[in-house]
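Right, one structure below, let's go through it.
Below, chains carry the letters A, B, ... as their sequence lines are ordered, and counting in each starts from 1.
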2 protein chains.
Amino acid sequence: MLKYQQTADEIERYIEQHELKQGDKLPILEELIRQFAVSKTTMTKSLELLERKGIIFQVRGSGIFVRKTNRTGYIRLFSTQGFKQNLVGHTIESTVLSLEPIAATDNIAKNLGIEAGETVYYVKRIRYIDGKILCLEESYYRQSIVPYLNREIVEQSIFEYLETALQLNIGFSDMYMHVGKLSAESARHLDLTEGDPGLTIETVFHLTNGRPFDYSVITYHYEHSHFVVQANGLYL
Amino acid sequence: MLKYQQTADEIERYIEQHELKQGDKLPILEELIRQFAVSKTTMTKSLELLERKGIIFQVRGSGIFVRKTNRTGYIRLFSTQGFKQNLVGHTIESTVLSLEPIAATDNIAKNLGIEAGETVYYVKRIRYIDGKILCLEESYYRQSIVPYLNREIVEQSIFEYLETALQLNIGFSDMYMHVGKLSAESARHLDLTEGDPGLTIETVFHLTNGRPFDYSVITYHYEHSHFVVQANGLYL
DNA sequence: TAGTGGTCTAGACCACAAG
DNA sequence: TTGTGGTCTAGACCACTAC
């Protein structure tokens, strides 16, 4: 394990164990360097990680402070962690509606950067959070990269399977969001009414080597999905 | 200007000028270091910036490649740049509906971490993108931090005024998103119908020193707001 | 195995915050 | 002015990719 990663984890644990609150001050840089016995550069990198994760903020000339959101029950939309880490304390379950190889349509092909007609695994499922409907998901995996899927895998975390069993290295992703009115079919799956609001996020996932391997379209149940994003140095 | 920042900008310009496309390879690290005459650490930091901005991706043992989204007309939701940079090629205009100091309600006070009753500037405006209604915004600025606002400032970019004229250093922000049905009043302002879908983002903005100074509630027009997020190493 | 990016270090020097 | 975080460097060594 990387030193700066491990150091960051330990500092995070320290914050949790000491139940530090928003605004509480951590030991100064020099002190942290001494305690964790790492170089200044490494400690800086660890702190930068924690900063991006929204756990601390650093003020030059002043100190390092704990950062916390003051709301609970929100789903962390862009966490550095995965879906799982992200939802500690919540139960996620899935019902699989479809699982079959199909030929890529033009739209799927375009998003995955492949030729129309190439075989992709089509997965359709409903995901539940704490027993309530969270979202309807339709995903398309390139079969040349994900050669095999079965119902058991798809009922659990697909990405965990890809990383552990298939040893795929998941890199970056492009997400496209918009809000609209639910179609009759989506509404039926989400146990809502046609025309109700729905947040749709389309995502193209890439491996670390830049190859797209999954295009997914997720429509969230508007009453059960509240998101939080901890951003840094930006203002919309 | 910081060296790593400037180097990053130059590389970005290089990519634009050479019209490089998704997947095109940049010179290798060593070569970049030589060309820009910086240390390896600095170049690494520049590249990391560009990576977070979604402009490149790096593959160990292979090279550095250009990353691009393949969709246009989407608003970059969490750019490292501000709203303005973000919307190059688009025209943003505002109509001010209200601008007055008021006493903070419990909800406002809670979000800003202040006492209820403290004076905040209340700004309500409609924002247009390329002549179309983009969103309805209601913002509350702590008067102790933002002592003065007038109509002229509020019609332009408030944040630009805060940074340049007031010399405030804007740090991080917490954003809370949810989708719902528009109230009659919101619908009227957005020229939509009551019950239509709306994406609401509440944001608490902090200075670099961690003090919250602005709580804003923005409801987006669902037909005119499509967002893109380029994420790194995460999977929802 | 060669090519290429990533981590880590020690230390000099810089820049901002708060009293 | 003092305390404290940020930038930058040169260089050693590590780890992944692709052939």
For residues 54-65 of chain A, tabulate all N or O donor-acceptor pairs below 3.5 Å that involve a side-chain atom, not counting sequence neighbours.
from: A:Gln58; atom 1: NE2; to: A:Glu51; atom 2: OE1; distance (Å): 3.2

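Residues B:Glu10 and B:Gln6 have side chains that bring a donor and an acceptor to within less than 3.5 angstrom of each other.
Among the candidates A:Arg71, A:Arg67, A:Lys68, the single residue satisfying the salt bridge (charged side-chain N to carboxylate O under 4.0 Å, His left out) test with B:Asp174 is A:Arg67. Screening B:Glu138, B:Glu155, B:Glu137 for a salt bridge (charged side-chain N to carboxylate O under 4.0 Å, His left out) involving B:Arg125 leaves a single residue, B:Glu137.
Salt bridge B:Arg142/B:Glu115: absent, no basic N to carboxylate O contact under 4.0 Å.
A heavy-atom distance below 4.0 Å to DNA chain C is reached by none of the residues of residues 21-35 of chain A. Remark: B:Val59, B:Arg60, B:Gly61, B:Ser62, B:Gly63, B:Ile64 in residues 59-68 of chain B come within less than 4.0 Å of DNA chain C through at least one heavy atom.
By the ring pair (Phe, Tyr, Trp, His ring centres under 6.0 Å) test, B:Tyr14 is found to be paired with B:His18, residues two or more places apart in sequence or in another chain being considered.
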Problem set entry | Which nucleotides of DNA chain D pair, in dot-bracket form (Watson-Crick or G-U under 3.5 Å, | meaning another strand) | ||||||||||||||||||.
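Comparing B:Lys45 and A:Thr208 by the nucleotide of DNA chain D whose heavy atom lies nearest to each, the residue mapping closer to the 5' end is B:Lys45. In terms of position on DNA chain C, the residue among B:Gln58 and A:Ala37 whose nearest nucleotide sits closer to the 5' end is B:Gln58.
Side-chain atoms of A:Lys3 lie closest to C:dC8 of the nucleotides C:dT7, C:dC8, C:dA17.
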Can you pull every protein N or O that's under 3.5 Å from an N or O on nucleotides 10-12 of chain D?
from: D:dA10; atom 1: N6; to: B:Thr41; atom 2: OG1; distance (Å): 3.1

